[in-house]
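Chain letters run A, B, ... following the sequence lines, proteins first, then strands; residues in each count from 1. Just so it is clear, the structure is predicted and the values come from calculations on it, not from any experiment.
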Number of protein chains: 2
Amino acid sequence: MKKQGLPENITADDVAAAAGVSRWTVNRAFKRDASISPKTREKVMKAATEMGYLPDLRAASLASDRSNLAALLIDDFANPHKLVMLERITRIMRKRGWDSLLVNTLDRADAGSALLNASQRRVDATILIGIQFDDEVLSAAQSARRFRKLIIFARTSNSPDTISIAVDDEAATTEIAHYVESKGYKRPLYLAGPRTYSAHLRRKETFCCFWKERQNYAPEVFSVSKYDPMLSSEIVRQALCNRPKDTLPDIIVCENDALAIGAIDTIRHTLKLRVPEDIAVIGFDDVPLAETLNYRLTTYRQPITEMAEYLVDVLESEQDTNLDKTFLGQLVVRDTA
Amino acid sequence: MKKQGLPENITADDVAAAAGVSRWTVNRAFKRDASISPKTREKVMKAATEMGYLPDLRAASLASDRSNLAALLIDDFANPHKLVMLERITRIMRKRGWDSLLVNTLDRADAGSALLNASQRRVDATILIGIQFDDEVLSAAQSARRFRKLIIFARTSNSPDTISIAVDDEAATTEIAHYVESKGYKRPLYLAGPRTYSAHLRRKETFCCFWKERQNYAPEVFSVSKYDPMLSSEIVRQALCNRPKDTLPDIIVCENDALAIGAIDTIRHTLKLRVPEDIAVIGFDDVPLAETLNYRLTTYRQPITEMAEYLVDVLESEQDTNLDKTFLGQLVVRDTA
DNA sequence: CAAAAAAATGCACGCGTGTGCAAAAACAGT
DNA sequence: ACTGTTTTTGCACACGCGTGCATTTTTTTG
């Protein structure tokens, strides 16, 4: 693919020679708020464009020790909400001049190595958008130092070395619980996802506490080991298929939409019951599928855009403590509850 | 987050001093098949581990002109199949030692700038997994040179400067068409996606030619401007909602699963008809949702894993011509056709 | 119009590693 | 022990740009 007659690598020196200035002036032309006169910059840019020159970000990063690059670690691709977060985060990062290194963490054992992988590229920050990051991994990460910032997105963590950006699970779940109560549901079933350690959600706990306190009994709880609609379908089937009708829950409150979608499928196609008339369902996240004709899912929307903007604020921030932040989302009432 | 008392940046020099060897020996220890004695390597690695040293990949890339990094450009996050490709590609790349730079291309106008963005990081290859890459962008990319390899994934292109890795659309669509014919469908409707230029699919054309040749009439065709289930639902509704029953298609053949899912939703929930009894549906891709209880979609599965493995072969290949390759997938018959 | 202030430009040095070759060390065979 | 061979190690130089400061040019001001 090498074009003949064209130099293999155009550097700032080449452009400098062509424009009749020094190399440093060339690089200044490419740097915002650099001290350079408008007409020199124009002259340089003209030469650069003709020669197809663009600064080498590796060298820039090496020299300045800032890369404008952040690693995104993800491990849970079955959850459609991940796609939404990924899209929003990469879009907003790019809009604000940040590139993203995507690292697909294979499993829990792999998380540590993924972290080191990112650190070798000397990224300015590492963003965790997954579930399999437990204490060991986090402490290993810290002991390896080389991590400027370790950000946990859409999940809260108590680790002091970590910055957590997430919705306020307690507020959100309380709002959901109030809604469930106000609609007169009496036998809620809580469908929880995998339980994690360092970085977790406080949804199940909040819902159950709320219900026990207000209604004087604990809701039934089932747990799915992965945020995967098909797995959720299977767990709900096992939980409900042989039960007499009057012992069935009247609503399934799900930790997120992936679980809710699986639950709805089972209710409709395996149990042959109606949603919401026989069993209502409520989700969390508001994934694109939740809005489709088929699901029309009642769910809680996280303000992902706002969270992603704040994420970039954090990337660009100089301070390194007290950056945790929680957000409020909004209950989206559709047809399933 | 700086740990006190620890040096800010541990370099190979530090490790060399600690291990009593030269810097070059330290770096050799980290390089496979480098000429180094086992016990020296062990000694170096021990010191390196204690000090938390890992080679700086930016500097390595700068010096060697190889980054083991490839850019992934994506623009179409509404299509669930993108998530599958992304997952598979990043997983296999990582397994084989490659990192990925994810670039979210905002729109067609942005594609060129995204390409330049990637080139500034001096990636070894740029992989296009989107639709909005037309001739202009590709030629701009080439004229900017700095692109070692430009790979178009899951789409074919005739550009000589490009490497295309895709399923054999003609073979796949022919298999689908044979299936449709053999099942006795008589009024197929082809639901196509957005039409593109340089990088395209040959599905619609193949299906229509096949049908015209064998049945002597052209199937009806509708086109959706984005691979988005909700948009597909809307187009199908407009196309079919006021039609007398006997003029409705008996099968909708969709360019991919995103469209098929939207079509099914409309058939069931808006037209109040049954799938496949009233209208059958067939998709393409075999996204995870296709397998769920709710859809049980008949579709064509692309061998993404195999394609991703080949992609890495291409990344590692020295030659730079004749690397295009097409793959055969498999028809997955479920309940919708 | 000269002097002072401000803006623009040039430069030595450093960032951390790879390459190819030369020097040194280890090993083999007699 | 001695030579020839192979393995291992060290090193000068290069990769392309940023930083901080010194120098030059331009602008401002009395």
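Annotation: ring-ring contact (aromatic ring centres under 6.0 Å, His included) contacts of F77(B) (sequence neighbours excluded): none. Take S100(B) and apply the side chain to side chain contact (heavy atoms under 4.5 Å, CB included) test, not counting sequence neighbours, and it matches L72(B), T90(B), M93(B). For A154(A), the side chain to side chain contact (heavy atoms under 4.5 Å, CB included) test picks out M85(A), Q302(A), M307(A), with sequence neighbours left out.
With hydrogens and angles ignored, the 3.5 Å screen pairs a side-chain donor or acceptor of Q120(A) with a backbone N or O of P55(B). Within the 3.5 Å criterion, the main-chain N or O of V21(A) finds no donor-acceptor partner in the side chain of T25(A).
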All N/O pairs under 3.5 Å across the protein-nucleotides 15-23 of chain C interface:
| unit_1 | atom_1 | unit_2 | atom_2 | d |
| --- | --- | --- | --- | --- |
| dT17(C) | OP1 | Y53(B) | OH | 2.6 |
| dT17(C) | OP1 | D56(B) | N | 3.0 |
| dT17(C) | OP2 | A12(B) | N | 2.9 |
| dT17(C) | O4 | R23(B) | NH2 | 3.3 |
| dG18(C) | OP2 | N27(B) | ND2 | 2.9 |
| dG18(C) | O6 | R23(B) | NH2 | 2.8 |
| dG18(C) | O6 | W24(B) | NE1 | 3.3 |
| dT19(C) | OP2 | K31(B) | NZ | 2.7 |
| dT19(C) | O4 | W24(B) | NE1 | 3.2 |

Distances for protein N or O near nucleotides 23-28 of chain D N or O, under 3.5 Å:
none

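Closest to the side chain of T25(A), out of dT8(D), dG10(D), dT9(C), is dT9(C).
Screening residues 93-122 of chain B for ring-ring contact (aromatic ring centres under 6.0 Å, His included) gives no qualifying pairs among residues at least two apart or on separate chains.
Distance, R41(B) CZ to dT7(D) C1': 14 Å, rounded to whole Å.
S37(A) has a side-chain polar atom (N or O) that falls below the 4.0 Å cut-off from OP1 or OP2 of dT9(C). A close approach under 4.0 Å does occur between a side-chain nitrogen or oxygen of T40(A) and OP1 or OP2 of dT9(C).
The number of heavy atoms from other shown groups lying within 6.0 Å of CD (E42(A)) does not exceed 12. Within a 6.0 Å radius of NZ in K226(A), other residues, nucleotides and ligands contribute 12 heavy atoms or fewer.
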